[in-house]
Amino acid sequence: MNDDLIAKLREVSFATLGHFLERGFVSHEVRAMVPGGRVVGRAVTLRLAEPDAIAVNRALIALQPGDALVIDMTGDHAHACVGAVTQFAARCAGAAGIIVDGVVTDINELRTCQLPVFARGTAQLTTKLIGGQTSQVNVPVNCAGVEVHPGDYVLADDNGVLILSARVLATVIDKALHSDLNEPDLLGRLRNGEPLYEVLATSIGNG
């Protein structure tokens with residue numbers, strides 16, 4: 001585990017990373033179901049090949065503190081695979097959050113628990129106790145257009161979800177933090193009435 005990188009990721013504005021990266025950004029259709037949450041975690045992945053609640057339980061059992069569960073519903077946007085019990089179980093495992101390329105249920109309970117959950121929306125139709133063998137835990141998955149490998153870093157807040165390897169994030173994190181440090185000065189110059197052409201000429205790449 002890269003403790004130095006994790007510490008920096010916890011400090012950076014995720015939107016600032018968007019100035020320096022072009023891939024890894026999950027579709028805007030996957031959004032925060034629990035407003036105000038922030039996720040920095042390592043991906044535990046689940047490819048749910050059928051609406052099987054038992055497969056979801058297997059993924060929950062695989063979680064370690066600091067992990068983020070990423071669920072690929074393989075195109076099924078009808079069955080909710082996460083609800084109040086699933087979320088609370090992930091919280092008890094020490095998870096950082098849950099990302100679902102699909103829908104969830106028990107929205108009021110999800111907001112009460114406050115473990116960050118990201119999904120496409122909500123539904124009343126849910127997974128069943130199937131117990132099949134077609135779903136897989138900790139394999140490469142696709143999350144709303146992003147290829148996700150077990151151990152990738154999951155960064156999510158109200159602005160969206162970014163999932164990338166530690167190797168890629170390490171190449172931009174210091175530049176992003178530097179940009180964040182400069183932002184208060186830029187805002188201060190604007191508040192003080194400094195001409196836009198002078199301020200903006202030196203702020204390309206800042207939020």
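Index from 1, following the sequence.
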Salt bridge Arg42-Asp152, side-chain N to carboxylate O under 4.0 Å: no

Sequence neighbours excluded, the answer for side chain to side chain contact (heavy atoms under 4.5 Å, CB included) partners of Val139 is Arg47, Gln136, Val141

- Decide whether Val161 and Met33 are clustered together by the hydrophobic rule: side chain heavy atoms of Ile, Leu, Val, Met, Phe, Trp, Tyr closer than 4.5 Å, transitively. no

*Check whether Phe25 and Ile173 end up in the same hydrophobic cluster, where Ile, Leu, Val, Met, Phe, Trp and Tyr are linked by side-chain heavy atoms less than 4.5 Å apart.*
yes

Query raised in the report: Is Asp174 salt-bridged to Lys8, going by a charged N under 4.0 Å from an acidic O?
Result: yes

Original post:
Is a side-chain donor or acceptor of Arg120 paired with a backbone partner of His77 at a separation under 3.5 angstrom?
Top reply: no

OG1 (Thr86) and CG (Asn57) are apart, to the nearest 0.5 Å, by 7.0 Å

Please check this pair: side chain of Asn138 against backbone of Thr45, looking for a donor-acceptor N/O pair closer than 3.5 Å. yes

Checklist entry - Taking the side chain from Thr112 and the backbone from Asn108, do they hold a donor-acceptor pair closer than 3.5 Å? => result yes

**Asked** Does the Asp72 side chain pair with the main chain of Asn142, one donor and one acceptor, at a distance under 3.5 Å?
**Response** yes

> Is there side-chain contact between Glu11 and Leu177, with heavy atoms separated by less than 4.5 Å?
Replying inline: yes

Any donor-acceptor N/O pair, Asp76 side chain to Met73 backbone, under 3.5 Å: no

Applying salt bridge (Lys or Arg N to Asp or Glu O under 4.0 Å) to Arg31 and not counting sequence neighbours gives none

In short, Thr134 meets Glu50 closest at the heavy-atom pair OG1-OE2, 3.0 Å

To the nearest 0.5 Å, atom OG1 of Thr16 lies from atom NZ of Lys175 at 13.0 Å

Check: Distance-only, no hydrogens or angles: does the Thr105 side chain make a donor-acceptor pair with backbone N or O of Ala123 under 3.5 Å?
Finding: yes

* **Working for side-chain contact (heavy atoms from CB on, under 4.5 Å), residues Leu5 and Tyr153** => CA-CA 10 Å; Leu5 178 59; Tyr153 281 90; 4.1 Å; yes

Hey, any chance Val12 and Leu155 share a hydrophobic cluster, counting ILVMFWY side chains that come within less than 4.5 Å of each other, even indirectly? yes

Here the pair of heavy atoms bringing Val100 nearest to Cys81 is CG1-SG, 3.6 Å

**Message:** Main chain of Pro35, side chain of Asp158: is a donor-acceptor contact present, judged purely on distance under 3.5 Å?
**Reply:** no

dist Ile163:CD1 -> Leu169:CG (nearest 0.5 Å) comes out at 11.0 Å

Is the backbone of Arg10 close enough, under 3.5 Å, to the side chain of Arg38 for a donor and an acceptor to pair up by distance?
-> yes

Sorted by chain and number, sequence neighbours left out, side chain to side chain donor-acceptor pair (under 3.5 Å) with Ser27 holds for none

Handout entry: Any donor-acceptor pair under 3.5 Å from Ser135 side chain to Ala49 backbone
Key = yes

Backbone N or O of Glu109 within a donor-acceptor pair of the Asp106 side chain at under 3.5 Å? no

### Message
Grouping I, L, V, M, F, W and Y whenever their side-chain heavy atoms are under 4.5 Å apart, do Val44 and Leu115 come out in a common cluster?
### Response
yes

Are Val70 and Phe118 connected in a single hydrophobic cluster, I mean Ile/Leu/Val/Met/Phe/Trp/Tyr linked by side-chain heavy atoms less than 4.5 Å apart?
yes

Decide yes or no on side-chain contact (heavy atoms from CB on, under 4.5 Å) for Ile99 and Cys143, but give the supporting numbers first.
CA-CA 8 Å; Ile99 316 294; Cys143 183; 3.9 Å; yes

